[in-house]
Amino acid sequence: MAQVKLQGPCKAPLELQVQATLKANADPKQLKYDIEWNLTFIRVNITAPPESINTDGIHVARSSNVNITDCVIGTGDDCISIGDELEQLHITRVTCGPGHGISVGSLGKTPGEKPVVGVYVKNCTFINTDNGVRVKTWPASHQGVVTDLHYEDIIVQNVTNPIVIDQVYCPYNQCNKDKGVPCEGVEIGDIDIAYNGKEGPAKSRCENVKPTFVGKQNPPVCAGAQSA
């Protein structure tokens, strides 16, 4: 796969299709884009050893209108990681595992971060991952906004933490664990997760959030919150 140079100005939208095999170095993230184009990944397979640290499959930030569809990703870190200044990311029919799941963040550690708006994760499967879908922000963090997140039709198999919204993300315990602004407008619907092992049953914990419930909740989530 040789280098291609695209030079504008362009008089019309540009559509680019790449068919090739990419082999990344052992240490860097496999694919990292900080761009402002419309970008689509279709039928991309990404693999890295489970023990390889910081090997996010795809990292997306400072972009808009990104689609990731029909991909299989297994790494030693996030299958897909989402940074700041991102609008309209659609992740559909992605199989993740092993790895740390699909993560928004971490956010809030650096001043001047811009909002994440519109993340849609649908019909995705997580197999043998530490997490499923995850949002992580630093405690006592700099001002920032994450809105319009949608997770639908998610399947988890042998996943330690299927759903995580962590407002006190603090690796190595080197920060002030202030709860900060509570999560608002959270709706949880049709959850059915069964535990298979010796340390069950499956359980959930909520803090600094009052979600609205729709449909079935197994295991029970945030007892005493408002039901719809």
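Please read all numbers here as calculations on a predicted model, not as lab measurements. Computed over heavy atoms, backbone and side chain alike; hydrogens, waters and symmetry mates excluded.
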For this session: Would you give the length of the straight line joining atom OH of Tyr120 to atom CD1 of Ile68, rounded to the nearest 0.5 angstrom?
Result: 15.0 Å
A side-chain contact here means heavy atoms from C-beta on lying under 4.5 Å apart; do [X] and [Y] qualify?
X      : Y      : value
Lys136 : Ser106 : yes
Ile102 : Val119 : no
Asn208 : Cys183 : no
Phe41  : Ile73  : no
Pro182 : Val209 : no
Arg62  : Asp84  : yes

Exercise. Would you say Gln167's side chain and Val181's backbone share a donor-acceptor pair under 3.5 angstrom?
Worked result: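 Yes.
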Problem set entry | Heavy-atom donor-acceptor pair, Gln217 side chain to Val214 backbone, under 3.5 Å | yes
Please name the pair of heavy atoms, one in [X] and one in [Y], separated by the smallest distance, quoted to 0.1 Å.
X      : Y      : answer
Phe213 : Val221 : CZ-O, 2.6 Å
Pro219 : Ile193 : CD-O, 3.7 Å
Pro98  : Cys79  : O-SG, 4.0 Å

Exercise. Shorter than 2.5 angstrom, is that how the SG atoms of Cys124 and Cys96 come out?
Worked result: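 No - the two cysteines, Cys124 and Cys96, have SG atoms at least 2.5 Å from each other.
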Problem set entry | Test side-chain hydrogen bond (donor to acceptor under 3.5 Å, both in side chains) applied to Arg134 and Thr129, Asp78, Asp166, the passing residue | Asp78
